[in-house]
Amino acid sequence: MVMTTREELESVCKRRGFIWQSSEIYGGEAGFYDYGHLGARLKDSWEEQWKDFFLSLDQNYHLVYTPNILPYRVLESSGHVEHFSDVLIKCNRCGNSFRGDHLVEDVTGESAEWMGKDEIKNKVEELNISCPDCKGDLGDAEDFNMMFEVDIGPKGERKGFLRPETAQGTYMNFPREYRALRRNMPFGLATVGPAFRNEISPRQGVYRMREFQQAELQIFFIPSIHDALFEERLEEVAYTEIPVMRTGDDMKKMISVDEIKDLPAYYIYHLSKIYEFYKDIMEIEGDIRLRELSSEERAFYNKIHFDVEINMKSLGGWKEVAGLHYRSDHDLSQHQEGSNKKMSVPADGERKVPHVIELSFGVDRNIWALLDLGYRTGDRDWLTIPDKLAPYQVAVFPLVRKDGLLEKSEEVFNKLNTKFRTFWDVSGSIGKRYARQDEIGTPYCVTVDYDTMEEDSVTIREIKTTEQIRVSITQLEEILQKLTEKEKLFDDYMG
RNA sequence: GCGGCUGUGGUCCAGCCUGGUUAGGACUCAAGCUUCCCAAGCUUGAUGCCCGGGUUCGAAUCCCGGCAGCCGCACCA
């Protein structure tokens with residue numbers, strides 16, 4: 001049976017060492033989470049696998065790191081200063097707050113998103129708008145910015161923000177990397193790091209946090225020139241079926257890439273590769289869909305936008321964990337205008353500003369998805385998680401703690417620990433030790449027993465079936481290597 | 001941010017209404033015994049009333065404020 005409630009899952013996470021609220025001993029602060037000793041290893045492995053997978057798609061996809069703090073002007077150019085803040089108006093009578101632009105739009109029927117604080121206040125007075133909830137008088141308009149503002153310099157003389165997304169740092173590096181990469185296009189710049197949003201009310205655990213981790217890959221290209229290249233690569237994914245839900249569909253269906261040929265090749269190619277990552281690396285198949293967002297749902301600069309959604313019981317259904325956004329030349333054009341630096345490159349006999357396709361992953365949400373889909377309860381509580389991602393890959397036990405088995409098991413542990421993330425446990429009954437590893441998703445348990453002392457062999461128990469095989473210690477490392485690398489199945493060694 | 005409910009060892013909960021022995025249970029954890037393969041048993045032990053203020057001879061319990069969590073509303077370029 002699959003674990004259903006967030007309470008149960010959060011309880012295990014706290015008890016065993018995965019994830020819990022940050023600054024807990026002082027009462028905590030909403031929207032901030034710590035990763036414990038198991039959670040940190042899981043997250044770390046996920047990020048490693050993510051980098052390995054996406055950077056190997058093309059030898060011209062690379063990793064960069066940029067600061068968490070960005071100067072005011074950067075986010076002014078990107079549009080975040082304007083679009084990431086809302087004007088809120090509070091009712092003098094009932095105290096409820098409303099978005100000022102929505103109040104105005106409801107009356108005028110025209111977009112008021114461009115309006116500033118004073119304009120909205122004047123418009124509300126002019127149109128005589130009262131509180132939608134209680135009809136009371138509305139108070140002053142106030143700016144609310146979702147970005148954390150920081151003061152830079154000893155006297156705080158310059159304003160900056162904690163970045164609301166990692167992408168802007170990457171975009172600003174386009175001209176430098178364009179030259180450093182010897183003008184080879186297309187190229188991709190990936191980054192993994194924190195981003196910050198001052199959410200009004202963070203809820204649903206790690207799903208909406210004020211500080212969270214992003215893993216993003218921005219690909220820079222010129223559609224008219226590089227379309228052909230991606231068209232060729234479609235052959236790579238031609239036989240893949242992907243679970244797609246187009247706008248207007250009410251459920252997903254498995255389709256081949258031929259059936260979404262209305263989308264550009266660079267888009268289809270990366271969409272398929274994203275699904276491949278979920279299928280092969282995260283081993284998620286049934287509870288995933290690639291959902292296309294309608295023009296109302298997506299931001300105006302996203303010309304094509306699919307979200308990766310995973311069906312998570314603990315969060316009540318389909319939840320976004322990643323997105324693929326075709327952002328056209330919006331980002332580089334904005335920075336070209338704001339910085340007065342040339343972002344265009346020679347193409348087709350003129351200068352063109354490259355387009356961007358962005359692969360954006362919420363790391364914490366993906367970690368949560370692994371835990372949500374992986375936990376099973378019933379006869380035993382166990383976590384099913386890919387071997388390469390598991391916090392510990394192997395555990396080593398002595399069957400009993402006497403007659404030299406304890407010492408022998410320590411030898412085996414020391415040998416394996418250099419190759420795998422290995423755990424050694426000697427306390428409690430053997431059954432209890434298996435159960436402990438079940439709960440944290442350790443795929444293989446190696447047990448030293450009395451036969452070990454005579455013939456130098458041990459048993460390996462697989463978490464999925466609890467079946468065991470007996471192997472000689474000389475072959476142990478090699479067999480575990482093949483199992484964790486998925487070169488062999490456990491079944492192959494049975495019988 | 002607004003309203004309702006909630007906050008007790010590591011986890012989950014009882015106690016609170018009606019203030020008063022040493023705050024109780026289950027699981028967990030540690031040490032030891034036992035143990036030839038799936039949370040067994042025995043012994044011993046560790047850890048707790050979210051924070052701050054008030055009322056009172058006395059507060060886990062009543063009152064006020066804060067913080068956090070859940071649900072609903074709003075928010076989520």
Side-chain angles (χ1 to χ4, degrees), chain A residues 5-17 20-32 36 75 78-91 93-103 111 113-114 131-134 142 144-147 164-165 197-205 207-210 297-302 316 319-320 325 330 379-382 395 397-403 405 425-439 445-454 458-463 465-468 470:
Chain A
T5 69
R6 181 140 61 90
E7 284 78 9
E8 283 175 290
L9 198 47
E10 283 179 350
S11 166
V12 177
C13 284
K14 283 190 276 189
R15 197 155 34 81
R16 301 314 306 266
W20 50 80
Q21 186 161 42
S22 191
S23 302
E24 214 182 4
I25 63 169
Y26 287 100
E29 189 71 51
F32 298 94
L75 292 153
S78 69
H80 285 85
V81 172
E82 187 185 351
H83 291 289
F84 233 72
S85 61
D86 294 319
V87 175
L88 291 184
I89 299 185
K90 199 169 184 176
C91 170
R93 198 202 296 179
C94 68
N96 286 349
S97 292
F98 305 91
R99 276 184 57 171
D101 55 336
H102 286 181
L103 291 173
S111 173
E113 210 183 296
W114 55 275
C131 172
D133 283 359
C134 74
E142 279 186 68
F144 175 80
N145 197 315
M146 289 264 293
M147 292 192 290
E165 59 179 24
R197 295 180 191 181
N198 198 1
E199 298 281 354
I200 296 173
S201 76
R203 294 265 175 98
Q204 300 199 288
Y207 186 72
R208 231 163 88 212
M209 299 195 288
R210 288 188 164 123
E297 288 177 290
R298 65 185 190 238
F300 71 91
Y301 48 75
N302 280 338
K319 290 287 184 181
E320 173 198 353
H325 319 121
H330 173 78
D379 292 346
R380 62 191 176 111
D381 297 347
W382 61 294
F397 316 135
L399 183 59
V400 295
R401 283 196 284 181
K402 57 184 184 183
D403 303 326
L405 301 195
D425 193 1
V426 301
S427 87
S429 68
I430 186 74
K432 179 148 220 151
R433 282 174 266 156
Y434 286 138
R436 284 187 191 125
Q437 298 310 310
D438 278 349
E439 208 176 19
C445 291
V446 170
T447 301
V448 166
D449 57 20
Y450 282 94
D451 292 345
T452 309
M453 308 310 278
E454 308 207 339
V458 292
T459 59
I460 305 177
R461 167 198 186 261
E462 178 201 43
I463 192 172
T465 57
T466 77
E467 298 284 347
Q468 289 183 317
R470 179 164 283 279

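Note that this is a predicted model, so its numbers are computed, not measured. A, B, ... follow the sequence lines: proteins, then strands. Residue 1 opens every chain.
Closest to the A:Ser201 side chain, of the nucleotides B:C38, B:C12, B:G1, is B:G1. Taking every side-chain heavy atom of A:Gln468 into account, B:C38 is the closest of B:A39, B:U34, B:C38. The side chain of A:Lys14 approaches B:U11 more closely than any other nucleotide in the set B:C36, B:U11, B:A39. Out of B:C37, B:C38, B:C12, the shortest distance to the side chain of A:Leu399 is found at B:C37. Of the candidate nucleotides B:A40, B:C12, B:C36, B:A40 has the atom lying nearest to any side-chain atom of A:Ser429. The listed nucleotides are B:A39, B:C37, B:C75; the one nearest the side chain of A:Tyr434 is B:C37.
B:U28 atom C1' lies 9 Å from atom CZ of A:Arg16, rounded to whole Å. Spacing between atom CZ of A:Phe32 and atom P of B:C67 amounts to 14 Å, rounded to whole angstrom units. When the C1' atom of B:C38 is taken as reference, atom CD1 of A:Ile430 falls 8 Å away, rounded to whole Å. Atom C1' of nucleotide B:U11 and atom CZ of A:Arg436 are separated by 15 Å, given to the nearest angstrom. Between the P atom of B:U11 and the CG atom of A:Leu9 lies a distance of 15 Å, rounded to the nearest Å. In this entry the distance linking CE of A:Met146 with C1' of B:G1 reads 13 Å, nearest Å. Atom CZ in A:Arg15 sits about 10 Å away from atom P in B:U28, given to the nearest Å. Distance CZ (A:Arg380) to P (B:C27): 22 Å, rounded to an integer number of Å.
Each of A:Ala299 and A:Gly27 was matched to the nucleotide of RNA chain B holding its nearest heavy atom; the match closer to the 5' end belongs to A:Gly27. Nucleotides of RNA chain B nearest to A:Asp425 and A:Val400 differ in position, and the one nearer the 5' end is that of A:Asp425.
When the C1' atom is used for both B:G25 and B:C67, the distance is 29 Å, rounded to whole Å. B:G65 and B:U21 have their C1' atoms separated by 33 Å, given to the nearest Å. For the C1' atoms, the distance linking B:U11 with B:A39 amounts to 15 Å, nearest Å. To the nearest whole angstrom, the two P atoms, one in B:C13 and one in B:G4, are 23 Å apart. For the C1' atoms, the distance from B:C70 to B:G15 is 22 Å, rounded to whole Å. As rounded to the nearest Å, B:C16 and B:C27 have P atoms that lie 24 Å from one another. Distance noted for atom C1' between B:C75 and B:C12: 33 Å (whole Å). Nucleotides B:U8 and B:A60 place their C1' atoms 7 Å apart, quoted to the nearest Å.
Counting non-hydrogen atoms under 4.0 angstrom, A:Glu297 reaches nothing in the nucleic acid. At the heavy-atom level, A:Tyr207 lies nowhere under 4.0 Å from the strands shown. Across all strands, A:Ser11 comes closer than 4.0 Å only to sugar-phosphate atoms, never to a base (heavy-atom distances).
Under the side chain to side chain donor-acceptor pair (under 3.5 Å) criterion, A:Glu24 pairs with no residue, sequence neighbours left out. With sequence neighbours excluded, no residue satisfies salt bridge (charged side-chain N to carboxylate O under 4.0 Å, His left out) with A:Glu467. With sequence neighbours excluded, the residues forming a salt bridge (charged side-chain N to carboxylate O under 4.0 Å, His left out) with A:Arg16 are A:Glu439, listed by chain and number. Checked against salt bridge (charged side-chain N to carboxylate O under 4.0 Å, His left out), A:Arg208 has the following partners two or more places apart in sequence or in another chain: A:Glu199. With sequence neighbours excluded, the residues forming a side chain to side chain donor-acceptor pair (under 3.5 Å) with A:Asp438 are A:Arg380, A:Arg461, listed by chain and number. A:Arg470 meets the side-chain contact (heavy atoms from CB on, under 4.5 Å) test with A:Asp449, A:Asp451, A:Glu455, A:Ser457, A:Thr459; sequence neighbours excluded. With sequence neighbours excluded, the residues satisfying side-chain contact (heavy atoms from CB on, under 4.5 Å) with A:Tyr450 are A:Val400, A:Lys402, A:Asp403, A:Leu405. Listed by chain and residue number, A:Ser78 satisfy the side chain to side chain donor-acceptor pair (under 3.5 Å) test with A:His80 (two or more places apart in sequence, or in another chain). Qualifying salt bridge (charged side-chain N to carboxylate O under 4.0 Å, His left out) partners for A:Arg436, counting only residues two or more places apart in sequence or in other chains: A:Asp425.
Taking the six-membered ring where tryptophan is involved, the planes of A:His330 and A:Tyr301 are essentially parallel, since the angle between them stays under 30° and well short of 60°.
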Between protein and nucleotides 69-71 of chain B, what N or O pairs are separated by less than 3.5 Å?
residue : atom : partner  : partner atom : Å
B:G69   : OP1  : A:Gln21  : NE2          : 3.2
B:C70   : OP1  : A:Arg6   : NH1          : 2.8
B:C70   : OP1  : A:Arg6   : NH2          : 3.1
B:C71   : N4   : A:Arg203 : NH2          : 3.3

Table of protein N/O atoms under 3.5 Å from nucleotides 44-46 of chain B N/O atoms:
none

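For the pair A:Ser429 (side chain) and A:Lys432 (backbone), a donor-acceptor distance under 3.5 Å is present.
Using a 4.0 Å cut-off, some side-chain N or O of A:Lys402 falls inside it from OP1 or OP2 of B:U35. OP1 or OP2 of B:C37 has not a single side-chain nitrogen or oxygen of A:Lys432 nearer than 4.0 Å. Close to B:A74, at under 4.0 Å from its OP1 or OP2, lies no side-chain N or O of A:His102.
Listed by first residue number, the stems of RNA chain B with at least three Watson-Crick or G-U pairs below 3.5 Å are B:1-7 with B:67-73, B:10-13 with B:24-27, B:29-33 with B:41-45, B:50-54 with B:62-66.
A:Arg208 contributes a side-chain N or O that forms a donor-acceptor pair with the base of B:C75 under 3.5 Å. Remark: the A:Ser427 side chain and the B:C29 base include no donor-acceptor N/O pair separated by less than 3.5 Å. Evaluation of atom-type donor-acceptor distances gives no pair under 3.5 Å for the side chain of A:Asp449 against the base of B:C36.
A:Trp20 and A:Gly36 make their closest contact through CH2-CA, 3.4 Å (heavy atoms, listed as atom of the first residue, atom of the second, distance). Between A:His325 and A:Asn302, the shortest heavy-atom distance links the atoms CB-OD1, 3.4 Å.
A:Pro398 places a side-chain heavy atom less than 4.5 Å from the side chain of A:Arg433. A heavy-atom distance below 4.5 Å is not found between the side chains of A:Gln437 and A:Trp382.
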